[in-house]
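In this text, all values refer to a predicted model and were calculated from it rather than measured experimentally. When a ligand or atom number is given, it counts from 1 through the structure's own listing order.
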Amino acid sequence: MTGSMEPAPVRALLVASEMVPLVKTGGLADVVGALPAALGPHGVDARVLIPCYPAVARLGWPVVARIAGLPGPFGPLWGTLRAGRVDDGSGGGAEVVALDVPVLYDRGGGPYQATDGTDWPDNPFRFAALARAAQRIAQADALPGWVPDVVHGHDWQAGLVPAYLALSGGRRVPAVTTIHNIAFQGVADVAHLAALQLPPTAFSIYGVEYRGGIGFLKAGLFYADRVTTVSPTYAWEITTPDGGLGLDGLLAGRRDQLSGILNGIDAGVWNPARDPHLPAPYDAADPSGKAASTAALRSAFGLAGDPAAPLFAIVSRLTDQKGIDLVIGALPRLLAEGGQLCVLGAGERSLEAELEAAAAASPGRVAVRLGFDEPLSHLIQAGADALLVPSRFEPCGLTQMYALRYGTIPVVRRVGGLADTVVNATAEALAAGRATGVVFEDATADALAYAIGRACALWRDEPTWRRLRSAGMALDNGWARAAGAYADLYRGLVPPG
Ligand code: ADP
């Protein structure tokens with residue numbers, strides 16, 4: 001046979017609560033922002049459905065459809081769908097549909113919380129409405145001219161998508177749920193069952209019931225045709241009591257439909273050869289420009305210009321998950337080794353205060369910037385010698401992959417995606433040229449302190465450090481591999497023809 005035809009593209013609707021560059025609180029936004037463009041070459045026509053937060057409303061996208069009967073706290077709500085395209089600044093982009101329901105989304109604060117850090121009380125409705133809109137787009141042609149073959153929900157905010165699809169009685173549309181972080185489970189009061197448009201029969205362990213409430217993530221895991229998470233190691237960890245946080249039984253029972261697809265990074269945005277946030281470009285072939293970022297980083301943080309000090313960095317949410325308390329415990333060792341530490345992050349007040357106290361106690365050697373600062377996060381990745389990621393659990397983790405690309409050596413705990421992306425600098429791995437970082441086992445300050453000591457010893461051995469650095473920079477952690485895996489997954493769910 002000649003002239004074989006390309007298969008028709010699979011249309012996939014991605015449903016999520018955040019996406020780069022529109023709204024971001026964590027790695028989920030990076031994934032949803034990058035995946036659509038990466039899926040294109042794999043024969044997937046992807047669109048993303050997100051809430052029309054103020055940052056999206058300001059774009060003034062045209063209304064393309066209206067949807068009635070969305071679940072609202074005081075009765076059904078009208079919504080409109082606005083369609084537009086976002087650019088990621090590096091040639092990629094995504095077609096986006098924004099669900100506009102001003103009473104649910106048009107407010108200051110963050111996507112999940114008010115500025116005082118408390119969850120929006122109507123979150124169940126804000127994300128049920130999003131899920132309901134996805135179901136209408138998939139089963140009731142709510143988006144003119146575009147009907148998805150598969151719906152791919154991300155995290156608990158999209159958890160009701162597979163439930164609505166399964167319970168509506170409409171045509172069968174396969175659903176995928178991806179877990180980016182199982183710690184966020186989205187449990188609503190059972191009193192909302194009817195208002196959330198869920199039938200009483202769905203309130204069962206074989207349905208949406210979870211810990212006496214309505215489990216959004218649980219529903220997503222129960223009703224989805226396939227469940228994925230963002231690294232192979234995390235896919236195994238969440239089937240265990242320690243990692244599953246209550247959902248391990250369900251996930252262990254669905255092992256055959258569960259897989260781990262390692263996240264990629266947006267290699268256009270995270271590229272030291274073309275990063276507008278760096279004072280000088282560099283790459284694996286000529287990393288000399290990295291020194292300019294190190295100098296700029298020290299001056300941005302007020303750190304002493306000490307060439308004998310290995311510069312450690314953290315870019316992270318400041319939470320228990322991220323092991324920030326371990327860093328505070330390991331700080332004496334880091335300082336005793338002559339190291340410096342700069343931290344960019346925001347989160348729990350107590351951790352913020354401890355870090356600020358540590359900075360005040362060691363001026364010029366420890367510095368902290370509280371808040372969210374995308375440009376500064378790039379400068380840190382470029383300017384630091386090593387990045388600390390001592391997470392208690394880590395579904396995938398992106399910062400260690402950015403570090404690898406920027407020639408910054410990750411010091412990580414062997415857990416979740418960190419275990420899948422960093423090769424420990426053992427004598428054997430170093431000899432084979434495979435080593436890319438320092439990996440430690442226990443979630444203790446002592447184990448981290450020991451790892452910091454190892455990193456410092458490696459740093460002082462310049463040729464070895466250079467080898468580590470070039471092995472990391474040579475890795476291809478772009479989205480192509482993951483996008484291929486998602487495309488295969490979708491295609492396996494969609495009947496041929
Ligand atoms: P998580 O999603 O659990 O927060 P990831 O490592 O998967 O962790 O993703 C975190 C993302 O958020 C990365 O892109 C990281 O650079 C970014 N980030 C975290 N904290 C900050 C901050 N304070 N300022 C800028 N970017 C940050």
So, D275 and H378: side-chain donor and acceptor under 3.5 Å apart, yes or no?
yes
With no hydrogens and no angle check, just 3.5 Å: does a side-chain donor-acceptor pair link N123 and Q113?
no
Could you list each nitrogen or oxygen of ligand 1 that sits under 3.5 Å from a protein nitrogen or oxygen, with the atom names and the distance?
from: ligand 1; atom 1: 2 (O); to: G27; atom 2: N; distance (Å): 2.7
from: ligand 1; atom 1: 3 (O); to: R317; atom 2: NH2; distance (Å): 2.8
from: ligand 1; atom 1: 3 (O); to: K322; atom 2: NZ; distance (Å): 2.8
from: ligand 1; atom 1: 4 (O); to: R317; atom 2: NE; distance (Å): 2.8
from: ligand 1; atom 1: 6 (O); to: L398; atom 2: N; distance (Å): 2.9
from: ligand 1; atom 1: 7 (O); to: L398; atom 2: N; distance (Å): 3.4
from: ligand 1; atom 1: 8 (O); to: K322; atom 2: NZ; distance (Å): 3.0
from: ligand 1; atom 1: 9 (O); to: G27; atom 2: N; distance (Å): 3.4
from: ligand 1; atom 1: 14 (O); to: K24; atom 2: NZ; distance (Å): 2.9
from: ligand 1; atom 1: 14 (O); to: D30; atom 2: OD2; distance (Å): 3.1
from: ligand 1; atom 1: 23 (N); to: G371; atom 2: O; distance (Å): 2.8
from: ligand 1; atom 1: 24 (N); to: D373; atom 2: N; distance (Å): 3.0

Do any side-chain atoms of residues 436-443 form donor-acceptor pairs under 3.5 angstrom with protein atoms, and if so which ones, sequence neighbours left out?
from: T436; atom 1: OG1; to: V423; atom 2: N; distance (Å): 2.9
from: E441; atom 1: OE2; to: R414; atom 2: NE; distance (Å): 2.6
from: E441; atom 1: OE2; to: R414; atom 2: NH2; distance (Å): 3.3

Pairing donors with acceptors under 3.5 angstrom, does anything connect the side chains of R434 and N424?
no
E95/R85 salt bridge by N-O under 4.0 Å criterion:
yes
Does a side chain donor of either D106 or Y53 reach within less than 3.5 Å of an acceptor in the other side chain?
no
